[in-house]
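Remember, it's 1-based here, ligands and their atoms both numbered in the order they're listed.
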Amino acid sequence: MSAKIIDGKQIAADIREELKAEVAGLKEKGIVPGLGVILVGADPASQSYVSAKEKACENIGIFSDDNRLPAETSQEELLALVERMNNDPKINGILVQLPLPKHIDEAAVLLAIDPDKDVDGFHPMSVGKMMVGEEAFLPCTPHGVVQMLMRSGVETSGAHVVVVGRSNIVGKPVANMLLQKKEGANATVTLCHTRTKDLGHHTRQADIIIAASGWPNTITADMVKEGAVVIDVGVNRVEDASRERGYRLVGDVDFEAVKEKASMITPVPGGVGPMTITMLLFNTVESAKRANGID
Ligand code: NAP
């Protein structure tokens, strides 16, 4: 039987509609959530991510303060801009698009962001709070994965989740979120990486597989238990001469074969991707509510 496709675009659109209504309610109280966006340099991929984030803000009524700086911007200038945003009451969230140019210390810049405005959830304070289960801004892609599972009716409590990939932006945080003692979590989590012996042995035990390795076909059909739920975070370019741009995007999962074994699966594109920006909007609205003492 072919798996149910988890439609990330639809789930993201539903959450954005909910946020739009919340933003309209806040506006009636005179509150306009604001996102400060900083892009250093002219990397085309970063430019298109930042434009997409700004457009998404505009669509739901969040004000965005757009700062596109030249590649030669010094660390001091960047830190001064972050500090200005930290002190600006109109700004509820600060987004520094990564990667930064090599002469800038990324960790120092992330550390300079006021944790109360850390809507990307990368500040060590946010990471630590998430780890101990305190209220914190959750990093957007892993939070998007958790929301997709919840909104697709996937039971995580008591489920065995196998996460493939241990990066700080996807693998570790999603593993951590799913083992928390709370609704939408309570899973038994196995975290795999390149030193894992016999990856398939682990993934075949999984009720839920979360693939975040960054390599096509990391998860093939023989590695998946019949009826498992498969979430594919990967975004990889593979050559495709039939496309005008010469490539197409695929995930980390052999989608065509795995969908015949899984009970639910996310496609690439159109799966986890649309959730990431949506959760950034969610965090920005959350931050505006917290700043104004609204639950
Ligand atoms: P990353 O920093 O490169 O980390 C990849 C992780 O996967 C590493 O921990 C690595 O292990 C592990 N790994 C790689 N190959 C493996 C294999 N064959 N078996 C087991 N583990 C393996 O990547 P990332 O930033 O987490 O991103 C992962 C993927 O998600 C990428 O395709 C990225 O483009 C995509 N992504 C998508 C979104 C979105 O919005 N949809 C957001 C972020 C990332 P080691 O630690 O041992 O090296």
Side-chain angles (χ1 to χ4, degrees), residues 5-13 15-16 43-46 48-53 55-56 95-100 106-107 110 119-122 127 137-149 161-178 189-206 209-224 230-238 247-255 258 265-283:
I5 308 295
I6 299 178
D7 184 348
K9 272 195 213 157
Q10 187 56 54
I11 297 172
I15 297 175
R16 287 185 198 201
D43 174 59
S46 294
S48 81
Y49 291 144
V50 162
S51 299
K53 287 168 185 174
K55 195 163 157 236
L95 172 100
V96 179
Q97 183 64 43
L98 302 179
L100 289 167
E106 232 166 62
L110 295 183
V119 287
D120 254 341
F122 294 149
V127 176
F137 292 117
L138 300 174
C140 301
T141 301
H143 191 194
V145 169
V146 173
Q147 283 294 320
M148 286 181 108
L149 291 170
V161 177
V162 174
V163 178
V164 183
R166 58 175 164 185
S167 74
N168 289 334
I169 63 166
V170 187
K172 278 186 211 156
V174 82
N176 191 267
M177 280 177 210
L178 286 167
V189 180
T190 300
L191 186 49
C192 299
H193 45 78
T194 56
R195 304 297 165 94
T196 298
K197 288 182 185 148
D198 194 356
L199 181 62
H201 166 77
H202 296 281
T203 56
R204 275 188 290 275
Q205 322 284 319
I209 297 175
I210 300 175
S213 66
W215 294 96
N217 296 325
T218 303
I219 305 297
T220 50
D222 60 307
M223 297 165 79
V224 177
V230 179
I231 306 289
D232 192 350
V233 185
V235 182
N236 308 294
R237 281 183 183 195
V238 293
Y247 68 87
R248 69 194 149 86
L249 295 179
V250 298
D252 296 345
V253 174
D254 178 1
F255 180 83
V258 171
I265 189 167
T266 61
V268 177
V272 176
M275 296 297 292
T276 298
I277 294 182
T278 303
M279 300 324 294
L280 174 75
L281 303 176
F282 176 91
N283 280 350

Show the nearest heavy-atom pair for residues [X] and [Y], with the distance to one decimal.
{"X": "G271", "Y": "T266", "answer": "CA-CB, 4.2 Å"}
{"X": "H202", "Y": "V162", "answer": "O-CG2, 3.5 Å"}
{"X": "I209", "Y": "T203", "answer": "CD1-O, 3.8 Å"}
{"X": "V238", "Y": "P216", "answer": "CG1-CG, 4.0 Å"}

Only heavy atoms of [X], strictly under 4.0 Å: list the atoms of ligand 1 that pass.
{"X": "N236", "answer": "32 (O)"}
{"X": "G273", "answer": "41 (N)"}
{"X": "L199", "answer": "19 (N)"}
{"X": "W215", "answer": "14 (C), 15 (N)"}
{"X": "G214", "answer": "28 (C), 29 (C), 31 (C), 32 (O)"}
{"X": "A212", "answer": "5 (C), 6 (C), 7 (O), 28 (C)"}
{"X": "V233", "answer": "30 (O), 35 (C), 36 (N), 37 (C), 41 (N)"}
{"X": "G234", "answer": "29 (C), 30 (O), 32 (O), 35 (C)"}

When you measure from [atom] to every protein heavy atom, which one gives the shortest distance, and what is it?
{"atom": "atom 44 (C) of ligand 1", "answer": "V170 CG2, 3.8 Å"}
{"atom": "atom 42 (C) of ligand 1", "answer": "T141 OG1, 3.3 Å"}
{"atom": "atom 25 (O) of ligand 1", "answer": "I169 CD1, 3.4 Å"}
{"atom": "atom 3 (O) of ligand 1", "answer": "S213 O, 4.5 Å"}

For this session: Report the residues that fulfil side chain to side chain donor-acceptor pair (under 3.5 Å) with T196, sequence neighbours left out, ordered by chain and then residue number.
Result: none
Exercise. Ligand 1 versus T194, non-hydrogen atoms closer than 4.0 Å: side chain, backbone, both, neither?
Worked result: both
For this session: Examine the proximity of ligand 1 to T276 and report which part, side chain or backbone, both or neither, has a heavy atom under 4.0 Å away.
Result: side chain
Problem set entry | Stepwise side chain to side chain contact (heavy atoms under 4.5 Å, CB included) test for V233 and D252 | CA-CA 7 Å; V233 185; D252 296 345; 5.6 Å; no
Exercise. Any idea which of P269, G165, C192 brings a heavy atom closest to atom 12 (C) of ligand 1?
Worked result: G165
Exercise. Which option, R195, K172, H193, R166, owns the non-hydrogen atom nearest atom 20 (C) of ligand 1?
Worked result: H193
Is there a polar contact between ligand 1 and [X], counting only N or O atoms under 3.5 Å apart?
{"X": "T218", "result": "no"}
{"X": "V235", "result": "yes"}
{"X": "S167", "result": "yes"}

Exercise. Does some side-chain heavy atom of L178 sit less than 4.5 Å from a side-chain heavy atom of I210?
Worked result: yes
For this session: Let me see the working for F255 and I5 under side chain to side chain contact (heavy atoms under 4.5 Å, CB included), right down to the final yes or no.
Result: CA-CA 11 Å; F255 180 83; I5 308 295; 3.6 Å; yes
For this session: Quick one: do M177 and K172 satisfy side chain to side chain contact (heavy atoms under 4.5 Å, CB included)? Show the steps, please.
Result: CA-CA 9 Å; M177 280 177 210; K172 278 186 211 156; over 6 Å; no
Exercise. What's the verdict on side chain to side chain contact (heavy atoms under 4.5 Å, CB included) for V272 and D232, showing C-alpha distance, side-chain angles and the deciding distance?
Worked result: CA-CA 7 Å; V272 176; D232 192 350; 6.0 Å; no
Problem set entry | contact_flag T196 ligand 1 heavy-atom lt 4.0 Å | no
For this session: Answer yes or no for G171: is there a heavy-atom contact with ligand 1 below 4.0 Å?
Result: no
Exercise. From I169 CD1 over to F122 CZ, what is the distance, rounded to the nearest 0.5 angstrom?
Worked result: 5.5 Å
For this session: Please check if the side chain of N236 supplies one atom and the backbone of G251 the other of a donor-acceptor pair under 3.5 Å.
Result: yes
Donor-acceptor list for residues 139-148 side chains, cut-off 3.5 Å, not counting sequence neighbours:
unit_1	atom_1	unit_2	atom_2	d
T141	OG1	T276	OG1	2.9
Q147	OE1	R151	NE	3.1

